[in-house]
**Student:** 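Let me begin by handing over the structure; questions about it come next.
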Amino acid sequence: MKSVLLLGATGSIGTTFLTALRNQPELDIRIAGMTASSNKALEQLGREFNAPYFYLQGSDRSKLKAIIDETKPDIILNAIAGTDGLTASAEALDSGLDLALANKESIVLGGHFLLDKAKDNNARIIPVDSEHSAIYHLLMGKKAERLIITASGGPFRTLENLEDVTIQEALNHPTWKMGKKITIDSATLANKGLEVIEASLLFGFPPEKIDVTVHPQSIIHSMIETAEGAVYALMSPPDMTLPILTAIIEEGSGMKDIVKPLSFSSGLSLTFSPWDRKRFPMLEYAYEALRQGAGYRIAYASADETAVNAFLNGRIGFMDIARITKEVLSSDYPASEPDTLEEILEIRKDAERKAEALC
Ligand code: NAD
Ligand code: MG
């Protein structure tokens with residue numbers, strides 16, 4: 001039996017996970033505790049799953065430590081939205097616990113600081129993001145030369161002019177139902193930018209060995225290419241249940257019928273096309289930030305988050321998210337990997353302040 005501390009229980013990932021447990025009580029998983037940044041629905045979920053629940057908002061390290069000490073989980077599922085998730089990831093690894101990581105912002109900000117913590121404490125970081133979950137499983141027993149990350153292309157894949165798109169249009173993702181921040185990031189392709197950085201750090205690939213291809217069906221979750229020239233892909237319906245559960249319990253440990261296998265009998269079309277650098281500059285900026293070093297990576301994620309919030313509040317237009325991020329990235333940041341959480345949070349604050357001034 002695996003006991004899980006679920007951070008971000010009321011969100012999209014949290015709900016998908018709890019729905020799977022509700023539908024399949026035979027799964028060998030128990031909720032050790034759960035958190036959310038709003039009490040709405042949390043209390044009821046706590047009662048339903050007979051688990052202690054905690055209000056948790058922001059980067060309160062000592063509260064997290066107390067929650068981990070009280071709930072004593074085997075693994076932490078970090079499904080918090082945004083850069084505030086970093087502190088939780090650091091605290092999980094410091095406690096020597098495996099980390100099932102949905103919160104991609106953690107690794108984009110934390111980078112080697114988190115990877116080193118995992119190594120020092122003999123803890124694993126197991127990706128939940130569907131692309132990285134695919135690559136993680138494809139790399140088991142295989143050596144790859146190149147990673148190919150798929151992107152759905154978001155709601156504006158074929159739209160020429162993105163200047164005047166509305167909040168509602170940007171929130172309308174064609175294949176995935178997700179929280180607001182990641183949905184806007186998917187519309188600008190900043191989500192894919194964060195994922196390229198995430199893949200580079202998690203799997204140790206330089207930016208020039210990571211490609212992105214637009215695959216609107218979201219059936220292939222990502223691919224690896226070997227030295228011989230073979231490409232391996234992981235395919236399943238677009239449903240986060242599989243990557244969440246395979247991060248928590250190992251494949252082959254008795255899990256059954258988690259998603260409906262794809263049907264080929266009535267035909268299945270899969271298409272791939274290059275991404276448009278002009279309309280989706282946020283992905284280009286992520287590659288640049290990755291090449292420039294740690295501080296730029298942190299600034300990219302922080303400026304994007306500030307600008308996305310301003311867009312969602314109606315303060316700036318859709319394309320301003322990229323303009324503001326570019327402007328923030330034109331400043332100087334330390335290129336070397338920070339050694340402490342405080343250094344990382346300092347760069348985050350600096351980039352947020354700069355972005356806020358431009359909103
Ligand atoms: P969401 O907005 O639906 O839910 C976020 C959860 O975290 C909620 O329970 C909320 O109460 C809590 N939370 C929000 N802000 C917080 C804060 N500042 N401090 C502490 N808790 C806070 O988000 P989501 O779509 O479930 O995404 C969660 C994470 O998983 C994100 O990093 C996202 O990029 C990643 N992810 C999501 C999906 C998906 O399908 N939704 C897929 C891949 C990766
Ligand atoms: Mg993803």
Side-chain angles (χ1 to χ4, degrees), residues 5-20 34-46 53-61 63-64 67 76-89 91 99-110 126-136 147 149-154 171 173 175-186 189-199 202 212 215 218 220-222 234 237-244 247 283 301-302 304-306 308-309 312 345 348 352:
L5 173 58
L6 169 59
L7 307 177
T10 56
S12 160
I13 292 283
T15 302
T16 303
F17 177 49
L18 293 175
T19 303
M34 51 175 98
T35 76
S37 63
S38 136
N39 283 326
K40 216 171 127 208
L42 181 63
E43 198 179 318
Q44 202 187 331
L45 287 172
Y53 54 89
F54 309 87
Y55 169 79
L56 178 78
Q57 157 92 55
S59 354
D60 186 342
R61 247 196 130 164
K63 181 153 187 187
L64 268 161
I67 294 173
I76 293 188
L77 171 54
N78 185 350
I80 289 173
T83 54
D84 269 346
L86 168 65
T87 312
S89 292
E91 201 54 52
L99 175 64
L101 189 61
N103 180 267
K104 64 192 80 183
E105 292 87 351
S106 288
I107 195 78
V108 173
L109 264 71
I126 310 156
V128 169
D129 215 349
S130 56
E131 297 76 2
H132 306 74
S133 169
I135 294 168
Y136 182 82
L147 308 179
I149 299 181
T150 49
S152 72
L171 282 174
H173 195 278
T175 45
W176 298 98
K177 271 253 122 325
M178 310 178 285
K180 281 187 179 174
K181 189 287 174 161
I182 182 174
T183 304
I184 300 301
D185 280 346
S186 300
L189 289 200
N191 183 51
K192 221 35 67 177
L194 294 170
E195 291 185 353
V196 166
I197 300 173
E198 181 184 11
L202 285 178
V212 170
H215 167 52
S218 301
I220 291 187
H221 298 299
S222 275
L234 189 141
D239 180 340
M240 287 305 293
T241 313
L242 193 64
I244 295 170
L283 180 49
S302 309
D304 169 58
E305 184 166 293
T306 305
V308 167
N309 284 332
L312 285 170
L345 296 179
R348 173 175 89 156
E352 277 173 355

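What's counted below: heavy atoms across the whole structure, side chains too, no hydrogens, waters or symmetry copies. Just follow the structure's listing: the first ligand is 1, and inside any ligand the first atom is 1.
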**Student:** Mind checking whether S12 has an N or O less than 3.5 Å away from an N or O of ligand 1?
**Tutor:**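 Looking only at distances, the answer is yes, because the N/O contact criterion of under 3.5 Å is met.
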**Student:** Can K192 and E131 be said to form a side chain to side chain contact (heavy atoms under 4.5 Å, CB included), step by step?
**Tutor:** CA-CA 10 Å; K192 221 35 67 177; E131 297 76 2; 2.8 Å; yes
**Student:** If you consider just the N/O/S atoms, which atom of E195 is the closest one to the Mg ion (ligand 2)?
**Tutor:**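 The Mg ion (ligand 2) is closest to the E195 atom OE2, counting only N, O or S.
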**Student:** State whether the shortest distance between N or O atoms of I13 and N or O atoms of ligand 1 falls below 3.5 angstrom.
**Tutor:**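 There is such a contact, yes.
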**Student:** Looking at CZ of F54 and CG of L7, how far apart are the two atoms once the value is rounded to the nearest 0.5 Å?
**Tutor:**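 Reported to 0.5 Å precision, the distance equals 10.5 Å.
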**Student:** Looking only at distances, can you tell me whether any N or O atom of N191, backbone or side chain, sits closer than 3.5 Å to an N or O atom of ligand 1?
**Tutor:**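 No: no nitrogen or oxygen of N191 is under 3.5 Å from one in ligand 1.
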**Student:** So for ligand 1, is A36 a polar contact partner (N or O within less than 3.5 Å, distance only)?
**Tutor:**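 Not met; the criterion fails.
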**Student:** Relative to atom 32 (O) of ligand 1, which among K177, K181, E105 owns the nearest non-hydrogen atom?
**Tutor:**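 Going through K177, K181, E105 one by one, E105 has the nearest heavy atom to atom 32 (O) of ligand 1.
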**Student:** Give the numbers and elements of all ligand 1 atoms closer than 4.0 Å to a heavy atom of A9.
**Tutor:**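 Going through ligand 1 atom by atom, the ones under 4.0 Å from A9 are 9 (O).
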**Student:** By atom name, which N, O or S atom belonging to E131 lies closest to the Mg ion (ligand 2)?
**Tutor:**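 Of all N, O or S atoms belonging to E131, OE1 is the one nearest the Mg ion (ligand 2).
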**Student:** For ligand 1, find out whether one of its N or O atoms is nearer than 3.5 Å to an N or O atom of S130.
**Tutor:**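 No: no nitrogen or oxygen of S130 is under 3.5 Å from one in ligand 1.
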**Student:** Restricting to N, O or S atoms, which atom of D129 is closest to the Mg ion (ligand 2)?
**Tutor:**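 Looking only at N, O and S atoms of D129, the one nearest the Mg ion (ligand 2) is named OD1.
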**Student:** For atom 34 (O) of ligand 1, find the nearest protein heavy atom and state the residue, atom name and distance (0.1 Å precision).
**Tutor:**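 It is K104 CE, 3.2 Å.
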